[in-house]
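Written out below as structure tokens is the structure these notes cover.
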There are 2 protein chains.
Amino acid sequence: MTNSCSEEASILYTLYCINKQISSKFESCIGMSQSRHDILQQLYQVDEISQTELQKKVNIDSAAITRHLKQLEAVEMILRRKNPEDNRFTLVCLSDHGRKKINSYQAEKARFVTLVFKDFKEEERQELMDMLTRIQNNISQV
Amino acid sequence: MTNSCSEEASILYTLYCINKQISSKFESCIGMSQSRHDILQQLYQVDEISQTELQKKVNIDSAAITRHLKQLEAVEMILRRKNPEDNRFTLVCLSDHGRKKINSYQAEKARFVTLVFKDFKEEERQELMDMLTRIQNNISQV
DNA sequence: CATCAATAGTTGATGCATCAATTAATATAC
DNA sequence: GTATATTAATTGATGCATCAACTATTGATG
């Protein structure tokens, strides 16, 4: 363990490493970043949605959303238009072509996720999720 | 849970979120990124070390190491010199001034870490660490 | 209804990481 | 001992996230 003295610090460091490793493997397996996959996933589940709404769901900066969507638009995965009732809003939806491609991404993601949690029993996953949620609560109070 | 269908995917997403939250809070609490803190921490524990050796310990790209160290050198936290026995190596060490500052960082980090794991019992931490390690092994085989 | 506030989206600057290509020094092999 | 391979460090291009500043649109208030 390279990080430090305390056991807690080691856990923190491991979390940090795991995340880096997951990001990296995710991208090489699925062919896009977790964030971008998440955006597409959200779009898949709705008909049309405003950027702000989308931003709240995927929990990344609105500037980042803009940039992702511009690129996705450029490769014709998505379509954008102004909301005619309120021109401040931009409505986003998957293109037909985009919607089709996502199925294959989903399959690959499912496979990936299964590998990450190989040999985890249901109750262990439950426990892990509980602990992570507790950590999340702790952090939010820092 | 915004990410997806399966329970595993939710855990993955939570990991991803936690990491973002931790990074952000870490930086606002300690005043530097986790990586940079880690670099300084490593330097604190040795007298002098080559960049490559350091790179292996903190587990980030050597290009990133170079850039971190340049900045740390600019603010006179560290010193660098060529290894006289082999001019390919650059040896790095903390400046006196740097070494002094790190004590306060350590205290702050300890406080931070304690908050993150508030209400975790020793055996829970142990369990968490075990599970994270297993995940790490799984990933490395993907 | 004119001004002021709030909201959505965009852009620019910055930080940090990666990979690929390059430079410089040293080691190896014939 | 000269050509070749290896190694350490650096640099440039790129990706992705953040914050802060700005534009454009709409809402609210006097």
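Numbered from 1 within each chain, the chains take letters A, B, ... in sequence-line order.
In this structure, B/Gln71 atom CD and D/dT11 atom P are separated by 13 Å, rounded to whole Å. Here the P atom of nucleotide C/dT26 and the CG atom of B/Asn83 are 9 Å apart, to the nearest Å. Straight-line distance from the CG atom of B/Asn19 to the C1' atom of D/dC16: 15 Å, rounded to whole Å. Here D/dT7 presents its C1' atom at 12 Å from NZ of B/Lys82, a figure rounded to the nearest Å. Residue B/Gln21 contributes atom CD, which lies 15 Å from atom C1' of D/dT18 at whole-angstrom precision. One interatomic measurement links the two molecules: NZ of B/Lys70 to P of C/dG15, which rounds to 15 Å at whole-angstrom precision. The separation between A/Asp38 atom CG and D/dA17 atom C1' is 15 Å, rounded to whole Å. Between the CD atom of A/Gln55 and the P atom of D/dC19 there is a distance of 11 Å, rounded to whole Å.
Across all strands, A/Thr90 comes closer than 4.0 Å only to sugar-phosphate atoms, never to a base (heavy-atom distances).
With D/dC16, C/dA25, C/dG9 as the candidates, the nucleotide lying closest to the side chain of A/Ser50 is C/dG9. In the set D/dT18, C/dT10, C/dA8, the nucleotide with an atom closest to the side chain of B/Lys20 is D/dT18. With D/dA17, C/dT10, D/dT25 as the candidates, the nucleotide lying closest to the side chain of A/Asn87 is D/dT25. In this structure, of D/dT26, D/dC19, D/dA8, it is D/dA8 that holds the atom nearest to the side chain of B/Phe89. Looking at the side chain of B/Ala63, the nearest of the listed nucleotides D/dT25, C/dT10, D/dT11 is D/dT11.
If A/Arg88 and A/Arg67 are placed on DNA chain D by their nearest nucleotide, the residue sitting closer to the 5' end is A/Arg67. A residue-by-residue look at A/Asp61 and A/Pro84 shows that A/Asp61 has its nearest nucleotide of DNA chain D further toward the 5' end. Along DNA chain C, the nucleotide nearest to B/Glu85 and the one nearest to A/Leu69 differ in position, and the one closer to the 5' end is contacted by A/Leu69.
At C/dT10, one or more side-chain N or O atoms of A/Gln51 fall inside 4.0 Å of OP1 or OP2 (strictly under the cut-off). Contact annotation: A/Arg80 reaches the phosphate of C/dT10 (side-chain N/O to OP1 or OP2, under 4.0 Å). The side chain of A/His68 contributes an N or O atom lying less than 4.0 Å from OP1 or OP2 of D/dA17. Within the structure, every side-chain polar atom (N or O) of A/Ser35 is placed at least 4.0 Å from both OP1 and OP2 of D/dC16. Contact between the side-chain N/O atoms of A/Tyr16 and the OP1/OP2 oxygens of C/dA17 is found at a separation under 4.0 Å.
Between the side chains of B/Ser23 and A/Tyr16, no donor-acceptor pair is found at a separation under 3.5 Å.
The pair B/Arg125-B/Glu122 meets the salt-bridge criterion, with a side-chain N (NZ, NE, NH1 or NH2) lying under 4.0 Å from an Asp/Glu carboxylate O.
Other residues, nucleotides and ligands contribute at most 12 non-hydrogen atoms within 6.0 Å of the CG atom of A/Asp47.
Here the closest non-hydrogen pair linking A/Ser140 and B/Lys25 is O-NZ, 4.1 Å.
Contact check for A/Cys29 versus A/Glu108: no side-chain heavy atoms found under the 4.5 Å cut-off.
Base pairing of D/dT2 is made with C/dA29, judged by Watson-Crick or G-U wobble geometry with both donor-acceptor distances under 3.5 Å.
Between the side chain of A/Lys82 and the backbone N or O of A/Leu91 there is no donor-acceptor pair closer than 3.5 Å.
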